[in-house]
Amino acid sequence: MFRSLIRPSTCVRCLINRIQYNSTNKNKSEIDPGKIFIRRDVQDLLINITGFDLSRIFRVRNNKNLDRIVYKYLTDKQLKEEQEKTIERGRAKLQMPPVLSEANENIEILEKDEMLSGFSTSKHLFIDISLGIPIRDRLIVARDVDGTLRTATLDEKRRMRQIYFPIVGRELIMPKMFEDEHLEKILERGDYEFILDRACTQFEPDDRDYIRVTHRIYEHIDQTNSYDVLRSTRHFGPMAFYFVWFKKIDRFMNDMIRRDLMNDAVSLLQLYAIVHPNSKVAEYNFNDTNPHDLIQAFIENEARIPDLLGEALRQYARKTQQAVTSG
C-alpha cells in the first residue's frame, strides 16, 4: 500500500529539499520575535529581571510524587558543594520557554495522481521515522482520497508527531482547560504558573493555541498587577518580553518602582531599546545616566500611562530622601 500511495518515482529527498527551500523563503520581511528573544544581550537582561530566589524556585507546587526528605551531616566543604549544585539546579529550572512567531499554514501540493483517486475512503498520513532527525524536521505528507499528495497541515503534523514520538503529558486532543471559558476560571484563581507549565507541555511554542493562551495569561496578570507571582520562575522572562514587544510596560514598570527594583526597571528600558531601535528610548545613555533620570525621560517620551509612573517615581524619590535624612 505504501508503494502505491507514494510512488517510487517520487524522490523523497527531493521533496524534503523542496519543502525546506520554499518554507525558508517566505515571510522573510516580517520581524521575527524569536530572533530577538534568543539574542545573548536580551537573554541576559531577561535573566536579571527574572530574579533568583531559591525559596521560590524550589517551593513545593503540589503534594504528588514528593521525595522523602533526607538529612545529612556535611563538612563546610561538602556544604559549599551542595549549595553550588543547588544554584545550578535553580538556573536550570529558570530556563525560559522560547518565544516564536505563530506557525503559518503552508500546504504544498506535491503530486496529483488520478489513478489513485478513490483508492481508499480515507486519507493516509506518512511520517519519516528515520533515526537522527529532529522531530520538527521530519517529513510528513498526506495522500488525499482524490489522489493528491501534499504536505501535512499543522494539525496533522502535531498528531503524527505525538503518535510516533509521544511527549509525556501531552494529549492528542487539547484539554478543556485551554478553552477560553475554562481558562478564565483558572486565571481568576491566580494559578498562572500552573497553566503556563501545562501550556508548555501541551503545545509547541509556535502553536496558535500556545500563543493565544500565554498572551491571555500575561494580559490577566497585567490587569490584576500580579507580576510578582511569576518572579523567579521560567515564565517571567517571556512575560516581560511580551510587555516590551507590544509596548505595554507602564504598569509593569510601576510595579518594579514600587518594589524598589530600580535596576530591573532600567533593564526593562534597555530591553525596550533593543526591541524598538527606532524609539526615543534607544537614544538614552544607559551608562552615564542614573535610573531616576532614565525613567523620567521614558515618562516624558514613551509612556502610555505617564501619570501612573510619575506618581510611583515621586513616591520612590520621597522614600529615598527620607532614608538619606534619617540615616
Side-chain angles (χ1 to χ4, degrees), residues 23-52 57 90-104 106 134-137 154 158 167 178 192-193 195-222 226-253 255-256 261 263-279 281-282 284 286 298 302 304:
S23 63
T24 55
N25 282 275
K26 293 186 178 182
N27 301 322
K28 279 195 172 182
S29 60
E30 298 180 3
I31 300 176
D32 183 5
K35 293 181 179 179
I36 299 177
F37 182 78
I38 63 174
R39 284 176 45 169
R40 184 68 264 172
D41 53 349
V42 170
Q43 288 288 302
D44 289 341
L45 290 170
L46 292 175
I47 290 172
N48 291 338
I49 292 173
T50 295
F52 193 75
I57 296 172
R91 288 173 178 165
K93 282 182 172 289
L94 292 183
Q95 181 66 45
M96 291 177 279
V99 173
L100 299 176
S101 298
E102 180 181 327
N104 295 318
N106 182 25
I135 187 170
R136 289 173 64 90
D137 294 338
L154 293 175
R158 177 188 60 79
I167 295 176
F178 297 114
Y192 303 121
E193 188 177 5
I195 194 66
L196 284 168
D197 283 339
R198 287 290 291 112
C200 288
T201 301
Q202 179 63 34
F203 306 112
E204 291 296 316
D206 59 354
D207 190 292
R208 175 181 300 178
D209 284 313
Y210 176 82
I211 295 173
R212 171 184 61 83
V213 169
T214 54
H215 286 191
R216 178 64 194 112
I217 295 171
Y218 301 151
E219 287 294 334
H220 194 276
I221 289 173
D222 193 42
S226 303
Y227 315 101
D228 195 55
V229 175
L230 292 185
R231 191 166 270 111
S232 289
T233 74
R234 61 176 177 153
H235 305 294
F236 196 84
M239 178 185 69
F241 187 84
Y242 169 83
F243 292 140
V244 170
W245 183 263
F246 291 102
K247 297 184 177 181
K248 297 181 177 182
I249 67 172
D250 295 57
R251 283 190 285 264
F252 191 32
M253 182 177 292
D255 181 79
M256 291 177 171
L261 300 173
N263 289 335
D264 289 357
V266 172
S267 294
L268 191 66
L269 288 178
Q270 290 177 300
L271 181 61
Y272 192 100
I274 294 172
V275 175
H276 304 290
N278 296 324
S279 66
V281 178
Y284 294 174
F286 289 96
F298 173 78
E302 296 275 348
R304 293 186 175 185

Problem set entry | Validation row: Leu230, Glu193 side chains within 4.5 angstrom (heavy atoms) | yes
Seminar exercise, completed: Minimal heavy-atom distance between Tyr192 and His220, with the atoms involved, is OH-ND1, 2.8 Å
Problem set entry | side chain to side chain contact (heavy atoms under 4.5 Å, CB included) between Gln202 and Asp209, worked out | CA-CA 10 Å; Gln202 179 63 34; Asp209 284 313; over 6 Å; no
Problem set entry | Aromatic plane relationship, Phe243 with Tyr227 - under 30° parallel, 30 to 60° tilted, over 60° perpendicular | perpendicular
For this session: Among Tyr242, Phe252, Phe241, find the residue that satisfies the ring-ring contact (aromatic ring centres under 6.0 Å, His included) test when tested with Phe236.
Result: Phe252
Exercise. Within a strict 4.5 Å, meaning less than it, do heavy atoms of the Ile221 and Val229 side chains meet?
Worked result: no
Exercise. When you look at Phe178 and Phe203, which way does the ring-ring contact (aromatic ring centres under 6.0 Å, His included) test go after all the steps?
Worked result: CA-CA 11 Å; Phe178 297 114; Phe203 306 112; 4.9 Å; yes
Problem set entry | Donor-acceptor under 3.5 Å (Asn104 side chain, Asn106 main chain) | no
Exercise. Can you tell if the side chain of Arg234 reaches within under 4.5 Å of the side chain of Cys200, non-hydrogen atoms only?
Worked result: yes
For this session: Please determine which of Asn48, Val281, Leu45, Ile36 meets the side-chain contact (heavy atoms from CB on, under 4.5 Å) test together with Leu271.
Result: Leu45
Exercise. Which is it for Tyr210 and Glu102 under the side-chain hydrogen bond (donor to acceptor under 3.5 Å, both in side chains) test, yes or no, and what are the steps along the way?
Worked result: CA-CA 9 Å; Tyr210 176 82; Glu102 180 181 327; over 6 Å; no
Exercise. Quick one: does Phe37's side chain get under 4.5 Å of Met96's, heavy atoms only?
Worked result: yes
Exercise. Has the side chain of Asp250 got a donor or acceptor atom that lies under 3.5 Å from a matching backbone atom of Arg304?
Worked result: yes
Exercise. So, do Asp228 and Arg231 sit near enough that their side-chain heavy atoms are less than 4.5 Å apart?
Worked result: yes
For this session: For the residue pair Val244 and Met239, establish whether any side-chain heavy-atom pair is separated by less than 4.5 Å.
Result: no
Exercise. Under a 4.5 Å cut-off applied to non-hydrogen side-chain atoms, are Met256 and Ile49 in contact?
Worked result: yes
Seminar exercise, completed: Between Thr50 and Thr233, the two heavy atoms sitting closest are CG2-O, 3.4 Å
Problem set entry | Pair Asp222 + Arg251: basic N to acidic O under 4.0 Å | yes
